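If you're wondering where the values come from, they're calculated on a predicted model, not measured in any experiment.
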Amino acid sequence: MMELFLNATSPYARLVRVVVLEKDLAEAVTLRWCDPWADEAALLDANPAGRIPALTTEDGSTLSESILIAVYLDGLGDRAPLIPDACRAFVLHLAGLGQALMDTAFTTVINRKHHGHQADDSLLGQRRWRAIQRLLSRLDNELADKAGASVTLGDIAVAVALEYLTFRLPETAWQEHWPGLAAWHHNMAKRHSIARTAFQ
């Protein structure tokens, strides 16, 4: 049995939870809910950096970083791969954009937590906001007309990042400004894996 350290508000942990469900691995993974700010011994043993998610595999190996955990899980089970060989480069490209959006939004939230909203006015804060706008614009261009029954790791990363924006930075109003991207996300949000892992 594998063990996944996570909490309910981390976009990185949610990405991995979605992958677990998409790969039909829920019965093989025990969810270990924890507070990454509390320096819990079990989490630090799995990931000395104290960050979530962290995965302990069946052979006792410990993995950190959401995309790396997702790649590992994609090699398990009988479900179709989330990184298909036929479009590997594009899927990884899309996953990178989703990860970048997630990182930028998460850093904004953490800086506000510790320094207040004035953190947005700093040089780095303004740079983060510009990055969010550019990423949303690029994703709108690349996903507005994309449709298909299959889902990839790239789709998952982008969908989770967008939902994190809605959860923590609703003032971005991305659905209003990028309606093509909003339409794409509307279809992704119908998936069981996305609905079941909603932020709390």
message = Using the rule given for side-chain contact (heavy atoms from CB on, under 4.5 Å), can you reason through Leu15 versus Met102, listing the C-alpha separation, both sets of side-chain angles and the distance that settles it, and then say yes or no?
response = CA-CA 10 Å; Leu15 183 152; Met102 208 178 296; 3.9 Å; yes
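- Counting heavy atoms from C-beta on, the side chains of Arg32 and Leu43 never come closer than 4.5 Å.
- For the atom pair CE of Met2 and CD of Glu58, the computed distance is 5.5 Å after rounding to the nearest 0.5 Å.
- With rounding to the nearest 0.5 angstrom, the OG atom of Ser66 is 10.0 Å from the CZ atom of Arg51.
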query = What do the steps show when you test Leu82 against Ile156 for side-chain contact (heavy atoms from CB on, under 4.5 Å), and what is the final call?
reply = CA-CA 9 Å; Leu82 297 173; Ile156 293 169; 4.0 Å; yes
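- Taken to the nearest 0.5 Å, the CG atom of Asp121 stands 6.5 Å off from the CD atom of Gln126.
- Looking at Ile83 and Leu92, their side chains come closer than 4.5 Å, going by heavy atoms from C-beta outward.
- None of Val160, Leu68, Leu55, Ile69 except one satisfies the side chain to side chain contact (heavy atoms under 4.5 Å, CB included) rule with Val16; the exception is Ile69.
- The two residues Pro36 and Ile52 come nearest to each other via the heavy atoms CG-CD1, 3.9 Å.
- Remark: Phe167 engages Phe199 in a ring-ring contact (aromatic ring centres under 6.0 Å, His included) (not counting sequence neighbours).
- Summarising the local packing, CD of Glu27 is surrounded by 12 or fewer heavy atoms from other residues, nucleotides or ligands at distances under 6.0 Å.
- Shown here are the ring-ring contact (aromatic ring centres under 6.0 Å, His included) partners of His114, two or more places apart in sequence or in another chain: Trp37.
- Following chains of ILVMFWY side-chain contacts shorter than 4.5 Å, one can reach Val19 starting from Trp33, so the two form part of one hydrophobic cluster.
- Here the closest non-hydrogen pair linking Val18 and Ser193 is CG1-OG, 3.5 Å.
- Among all heavy-atom pairs drawn from Leu44 and Gly50, the shortest one is CD2-CA, 3.6 Å.
- Evaluated for a side chain to side chain donor-acceptor pair (under 3.5 Å) with Glu22, the options Arg191, His192, Arg79 yield exactly one hit, Arg191.
- Proximity of Leu97 to Glu142: side-chain heavy atoms (C-beta onward) are separated by under 4.5 Å at one or more points.
- Of all heavy-atom pairs spanning Ala46 and Thr62, the tightest one is O-CB, 3.3 Å.
- Although no hydrogens or angles enter the test, the distance criterion places no donor-acceptor pair under 3.5 Å between the side chain of Arg168 and the main chain of Ala105.
- Note: Lys23 NZ to Leu153 CG = 10.5 Å, rounded to the nearest 0.5 Å.
- Although no hydrogens or angles enter the test, the distance criterion places no donor-acceptor pair under 3.5 Å between the side chain of Gln99 and the main chain of Ala157.
- When every heavy atom of Asp35 is checked against every heavy atom of Glu40, the shortest pair comes out as N-OE2, 3.1 Å.
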ask   = Taking it one step at a time, do Leu73 and Leu25 satisfy side-chain contact (heavy atoms from CB on, under 4.5 Å)?
value = CA-CA 8 Å; Leu73 294 174; Leu25 294 170; 4.1 Å; yes
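- With sequence neighbours left out, Tyr12 forms a ring-ring contact (aromatic ring centres under 6.0 Å, His included) with Phe106.
- Of the inter-residue distances, the one linking Trp178 atom CH2 with His185 atom NE2 reads 15.0 Å to the nearest 0.5 angstrom.
- By the neighbour-count criterion of 12 heavy atoms within 6.0 Å, atom CG of Asp59 is densely surrounded, having more than that number from other residues, nucleotides or ligands.
- Cluster membership for Leu101 and Trp129, using ILVMFWY side-chain heavy atoms within less than 4.5 angstrom, is shared.
- Contact check for Val158 versus Trp184: side-chain heavy atoms found under the 4.5 Å cut-off.
- Judged by distance alone, with hydrogens and angles left aside, the side-chain atoms of Ser122 form a donor-acceptor pair with the main-chain N or O of Ala119 at under 3.5 Å.
- Between the Asp140 side chain and the Leu181 main chain, a donor and an acceptor come within less than 3.5 Å of each other.
- Taken to the nearest 0.5 Å, the CZ atom of Arg138 stands 11.0 Å off from the CG atom of Leu94.
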query = Where do Trp174 and Thr166 land on the side-chain hydrogen bond (donor to acceptor under 3.5 Å, both in side chains) test, with the steps shown first?
reply = CA-CA 8 Å; Trp174 62 268; Thr166 301; 2.9 Å; yes
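- In this structure, the side chain of Thr108 engages the main chain of Thr104 through a donor-acceptor pair within 3.5 Å.
- Residues Pro53 and Leu4 come closest through the heavy atom pair CB-CD1, 3.9 Å.
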message = side-chain contact (heavy atoms from CB on, under 4.5 Å), that's the test. Do Met188 and Leu162 meet it? Break it down for me.
response = CA-CA 11 Å; Met188 276 293 294; Leu162 292 174; over 6 Å; no
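- Each of Phe5 and Tyr72 belongs to its own hydrophobic cluster when Ile, Leu, Val, Met, Phe, Trp and Tyr are linked at side-chain heavy-atom distances under 4.5 angstrom.
- Asn111 places no side-chain N or O within donor-acceptor distance of the main-chain N or O of Gly125, the cut-off being under 3.5 Å.
- Ile110 and Leu169 fall within the same hydrophobic cluster, where Ile, Leu, Val, Met, Phe, Trp and Tyr residues are linked whenever their side-chain heavy atoms come under 4.5 Å apart, directly or through other members.
- In this structure, the side chain of Arg14 engages the main chain of Ile194 through a donor-acceptor pair within 3.5 Å.
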message = Go through it in stages, so that I can follow the logic: the residues are Asp155 and Thr152, the test is side-chain hydrogen bond (donor to acceptor under 3.5 Å, both in side chains), and I'd like the CA-CA distance, side-chain angles, deciding distance and then a yes or no.
response = CA-CA 5 Å; Asp155 296 321; Thr152 70; 3.2 Å; yes
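- Under a hydrophobic clustering in which Ile, Leu, Val, Met, Phe, Trp and Tyr are joined whenever their side-chain heavy atoms come within less than 4.5 Å, directly or via other members, Val109 and Leu124 fall into different clusters.
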